[in-house]
Amino acid sequence: MNPTLEQMQQHHSVRSYQDKPVDPAVLDAILDAAWKGPTSINGQQVSLVVVQDAARRARIAEIAGGQPWIAQAPVFVAVVIDFHKTAVGAELAGESQVIHQSVEGFAVGAVDAGIALGNLMTAARSAGLGVVPIGGIRRDPQAMIDLLGLPPRTFAVAGVVIGHIEQDGSIKPRLPRASFVHRERYDTAAIAPSIRAYDTELAQYWQQIGRPDGQPWSANTAQTYKTVYFPLTAVVARKQGFGFDQ
């Protein structure tokens, strides 16, 4: 197995960072890995906002619901769905953009943002740095818009913490592969047995790392997904000019 595949198969989140800056040249190379990633129709409807100012990182930690590693690590990168950029391009070509007013538009932006996020994490880890992706910025998306000065038709959908590792994380087991990789057709019969097996495995993992509060996957997922846990996402996205009726 080559080093890239080995590293990607050992992904784990890091939530403890040294008070040490990331070398600017290394950071630029990481950002370039996301910049050069693919996007739908080459629309490039993603932008990154790099936050290194300590006070701003502390504010993002608050916005995300109290995640101290955001303030602790030297770099936070917000990944932004950016249909402002494409609208300017459309106007220069003498056209009016409508794609941001559709579910398809938000889906395309989110997919491309996800690709950029994955590239950021892979690149940072290849440089020996730790990462943890952050979806909690959607808890208060208007606060992120105000903090980052985002124009209409943009939305900070996720972010990633990057820094030198103080205390490393552990590799969390995943649902059985049969629940993830399907051949030719989706195998519904594999799902429930996979979840039962994973609940047992995850309970053992929590015990091994000393987490008596760790829940089975099914219970934790049910607890989270029984509500719309970030209800401001749609409200603020609509305010930003996104639509979901087409």
Side-chain angles (χ1 to χ4, degrees), residues 1-15 34 37-41 45-46 64-65 67 79 81 99 102-123 125-126 131-139 155 157-160 168-234 237 242-246:
M1 186 182 299
N2 69 51
T4 301
L5 287 174
E6 184 175 357
Q7 181 189 71
M8 292 179 76
Q9 292 184 21
Q10 294 179 350
H11 171 80
H12 54 279
S13 292
V14 174
R15 294 180 173 86
T39 58
S40 178
I41 70 151
Q45 47 270 325
V46 178
Q67 299 191 45
V79 184
I81 298 173
I99 189 65
S102 69
V103 173
E104 174 61 19
F106 203 82
V108 164
V111 167
D112 289 349
I115 293 170
L117 181 62
N119 282 7
L120 286 170
M121 291 192 292
T122 300
R125 293 189 64 236
S126 74
V131 300
V132 55
I134 304 293
I137 59 174
R138 297 192 306 279
R139 182 182 299 275
F155 193 88
V157 70
V160 61
D168 210 352
S170 57
I171 301 174
K172 190 180 298 180
R174 298 297 196 266
L175 279 160
R177 197 170 187 270
S179 71
F180 182 72
V181 178
H182 302 264
R183 303 291 185 182
E184 308 300 341
R185 291 173 59 85
Y186 190 99
D187 183 8
T188 57
I191 302 303
S194 293
I195 292 172
R196 293 189 190 100
Y198 185 52
D199 279 349
T200 299
E201 183 182 11
L202 195 58
Q204 295 170 350
Y205 168 78
W206 293 133
Q207 186 175 14
Q208 289 169 2
I209 67 170
R211 278 280 306 276
D213 60 326
Q215 290 185 307
W217 179 86
S218 57
N220 182 71
T221 304
Q223 182 67 28
T224 305
Y225 285 174
K226 70 181 183 180
T227 62
V228 179
Y229 52 91
F230 293 153
L232 293 177
T233 298
F242 291 92
F244 301 98
D245 298 323
Q246 299 183 54

[X] vs [Y] side-chain heavy atoms within contact, under 4.5 Å:
X	Y	answer
Y229	Q223	no
P173	L202	yes
Q215	T221	no
F242	T233	no
L232	R139	no

Which value, rounded to the nearest 0.5 Å, describes the distance between [X] atom [atom1] and [Y] atom [atom2]?
X	Y	atom1	atom2	answer
T122	Q7	OG1	CD	7.0 Å
I99	I41	CD1	CD1	8.0 Å
S218	R196	OG	CZ	10.0 Å
E201	R174	CD	CZ	11.0 Å
T200	W217	OG1	CH2	13.5 Å
L175	F180	CG	CZ	10.0 Å

| Which heavy-atom pair separates G37 from N119 by the least distance, and what is that distance? | CA-ND2, 3.6 Å
| R211 atom CZ, neighbour heavy-atom count above 12 within 6.0 Å | yes
| Between M8 and M121, is a side chain to side chain contact (heavy atoms under 4.5 Å, CB included) present by the stated rule, with each step listed? | CA-CA 9 Å; M8 292 179 76; M121 291 192 292; over 6 Å; no
